[in-house]
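Quick note: numbers below take in every heavy atom, side chains included, and nothing from hydrogens, waters or symmetry partners. Quick note on labels: first sequence line is chain A, next is B, and so on, each numbered from 1.
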Amino acid sequence: MVQGPKGTYDVLPPDQPLREAVITAARRIFQAAGYGRICTPTFEDTSLFERGVGLSSDIVRKEMYTFTDKGGRSLTLKPEGTAPVARAYIQHGMHKLPQPVKLWYYERMFRFERPQAGRFREHYQLGAEAIGSDDPALDVELIMMFASLYEALGVPEVELRLSSMGDGNCRPAYARKLSSFLASVLPGLCRDCQERVSINPLRVFDCKHESCLALLKGAPLLVDNLCHECQLHFDSVRRLLDLFQTGYRIDGTLVRGFDYYTRTTFEFECARLGAQKGIGGGGRYDGLVAEIGGPATPAAGFGTGLERIVLALKSADVAPEAAVIDVFIIGLGSQAREMAVKQLSRLRRLDIAVDIDYAGRKAKGQMKQADRLGSRFAVIIGENEIAAGRATVRDMGSGKQHAVLFAELPAWLLERIEARNCQ
RNA sequence: GUGGACGUAGCUCAGCUGGUAGAGCUCCGGACUGUGGAUCCGGCGGUCGUGGGUUCAAAUCCCAUCGUCCACCCCA
């Protein structure tokens, strides 16, 4: 049979409550911080990512879902969320709005990678971007927003790593310093690292080989080689972060994957997650807007993976209650069934969650279905009820039954359902 | 792209060194002719991922392919 494409997955009804809890909490936190939601297209002009994310990044080099449409355009399913938001900012003249412009999103991302735990070819990211300010307090606002999201949800064992990538002023000088150091130890590095040296030297810090780690102990770090302005900015971020009770670790070996990052970078990890333990990351990207054709505009942002949050929550047994139904209507006999269907629609109009049997079950089977669905009441309508003009309403919790006039049924149920909802 | 493990009923799995498939759960029904959550009984349900090969005979052995999982690269 035909299966879903490799690296994709279906979200079935039982999976929804947890995901919705994450999305709802994120929406609440973003809105409370003054971020407005933005949706950008599923695909963008390929050049947006080539220029924005950078040709040297793995994403652009080998992970993009790129295709040519019937008009001959090269388009790409978006592999990340920041470049599209920056594009929209420019396209809609948002630089004329009061700055910074604060936006959040919840979107699907696509990357052609080998799937593994916490990694998919299509995944969902929640993200926020604040464009138009270089205030270090903005970096901290973003960090704290996500820290409080993880905390509100109960994500276990979250750790924050913080670093600075410097800017166009200090990074080139540092790159030269690092390169000459790496040249001096080159023969001792693993093959992967030797390759990194030529493509993206900073990446050597990601290596897990003991021998490389030992050699790199003596390597110069970017955080120790910031220019005056970047140092002041970084110090300010740290001071502000210290105002909150959030722990963090300065990690000069933290390197983020996109070329557009400048100054502050950070990453949240969850120790429960195995190899793909990064649950979210972000930072400042003061050069991106200009890079893709807008005015010089400082900005900072963050993205976090829905699947990884969900995995972390599951590891901590966080499980919101499944959706239940208020009322299940049991119709017995063809004549009574017409009345049952009529009551069904009356109750639904009042926003009562109500369902009925469509599988031809016997009375016992329908009762069982009412129980399975978690309904609070079963409304039984048979020949006896039609004759008496009253439905038999069974409280599924206590097992007590009441005879209720059909005319009074909606009000009778509504009163009791609302009373319980308020508890 | 590289390396390793694994694909048997909707789900979780059993099936020894080849002799043409089982259990538990779920679902439907009965015991209880119109009443759930307990028990017992019965029933539905399988191209043994797919395609080749070896063999008298393949779920079982071999190859390929697809997929899943784990790790690397890298990333959410």
Touch check for [X], heavy atoms < 4.0 angstrom, all strands: base, sugar-phosphate only, or nothing?
| X | result |
| --- | --- |
| A:G331 | nothing |
| A:A370 | nothing |
| A:E195 | nothing |
| A:G382 | base |
| A:G333 | nothing |
| A:F258 | sugar-phosphate |
| A:G399 | base |
| A:F120 | base |
| A:Q369 | nothing |
| A:I279 | sugar-phosphate |

Within this structure, what is the [atom1]-to-[atom2] distance between [X] and [N], rounded to whole angstrom?
| X | N | atom1 | atom2 | result |
| --- | --- | --- | --- | --- |
| A:Y9 | B:U68 | OH | P | 13 Å |
| A:Q194 | B:C73 | CD | P | 15 Å |
| A:R191 | B:U2 | CZ | P | 13 Å |
| A:K362 | B:G36 | NZ | P | 14 Å |
| A:Q3 | B:U65 | CD | P | 17 Å |
| A:L273 | B:C75 | CG | C1' | 13 Å |
| A:D192 | B:G1 | CG | P | 17 Å |

(message) The side chain of A:D58 is closest to which nucleotide in this list: B:A71, B:G34, B:C74?
(response) B:C74
(request) Please tell me which of the listed nucleotides, B:C74, B:C72, B:C28, lies nearest to the side chain of A:D206? (result)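 Nucleotide nearest to A:D206's side chain: B:C74.
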Ignoring hydrogens and angles, does a donor from either the side chain of [X] or the base of [N] sit under 3.5 Å from an acceptor on the other?
| X | N | result |
| --- | --- | --- |
| A:R308 | B:C75 | yes |
| A:R119 | B:A76 | no |
| A:R114 | B:G3 | yes |
| A:R203 | B:C74 | no |
| A:R394 | B:G36 | yes |
| A:E63 | B:G1 | no |
| A:Q366 | B:U35 | no |

With the side chain counted from C-beta on, respond yes when [X] and [Y] share a heavy-atom pair under 4.5 Å apart, and no when they do not.
| X | Y | answer |
| --- | --- | --- |
| A:L254 | A:V223 | no |
| A:Q343 | A:V379 | no |
| A:I330 | A:D357 | no |

Strictly by Watson-Crick or wobble contacts shorter than 3.5 Å, is anything paired with [N], and which nucleotide is it?
| N | answer |
| --- | --- |
| B:C25 | B:G10 |
| B:U17 | none |
| B:C72 | B:G1 |
| B:G51 | B:C63 |

Distance check: side-chain N/O of [X] vs OP1/OP2 of [N], anything under 4.0 Å?
| X | N | value |
| --- | --- | --- |
| A:Q116 | B:A71 | yes |
| A:K364 | B:G30 | no |
| A:R111 | B:C73 | no |
| A:K368 | B:U35 | no |
| A:R256 | B:C75 | no |

(message) Using heavy-atom distances to pick each residue's nearest nucleotide on RNA chain B, tell me which of A:Q125 and A:P5 is more 5'.
(response) A:P5
(request) Using heavy atoms to find the nearest nucleotide of RNA chain B for A:L306 and A:C207 separately, return the residue whose nucleotide is more 5′. (result) A:C207
(request) Applying salt bridge (charged side-chain N to carboxylate O under 4.0 Å, His left out), run through A:D58 and A:K62 and close with a yes or a no. (result) CA-CA 6 Å; A:D58 272 45; A:K62 53 184 191 186; 3.2 Å; yes
Rounded [atom1] spacing from [N] to [M] in Å:
| N | M | atom1 | result |
| --- | --- | --- | --- |
| B:G1 | B:A59 | P | 32 Å |
| B:C28 | B:U65 | C1' | 39 Å |
| B:U12 | B:G18 | P | 28 Å |
| B:C44 | B:G29 | C1' | 10 Å |
| B:A21 | B:G15 | C1' | 8 Å |
| B:U17 | B:C13 | C1' | 22 Å |
| B:C25 | B:U20 | P | 27 Å |
| B:G3 | B:G46 | C1' | 34 Å |

Return the orientation label for the [X] and [Y] ring planes: parallel under 30°, perpendicular over 60°, tilted otherwise.
| X | Y | value |
| --- | --- | --- |
| A:F43 | A:F67 | perpendicular |
| A:F146 | A:F30 | tilted |
| A:F266 | A:F268 | perpendicular |
| A:W412 | A:H402 | tilted |

(request) Check each of A:K314, A:E307, A:R308 against A:V310 using the side-chain contact (heavy atoms from CB on, under 4.5 Å) test, and report the only one that passes. (result)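 Of the listed residues A:K314, A:E307, A:R308, the side-chain contact (heavy atoms from CB on, under 4.5 Å) partner of A:V310 is A:K314.
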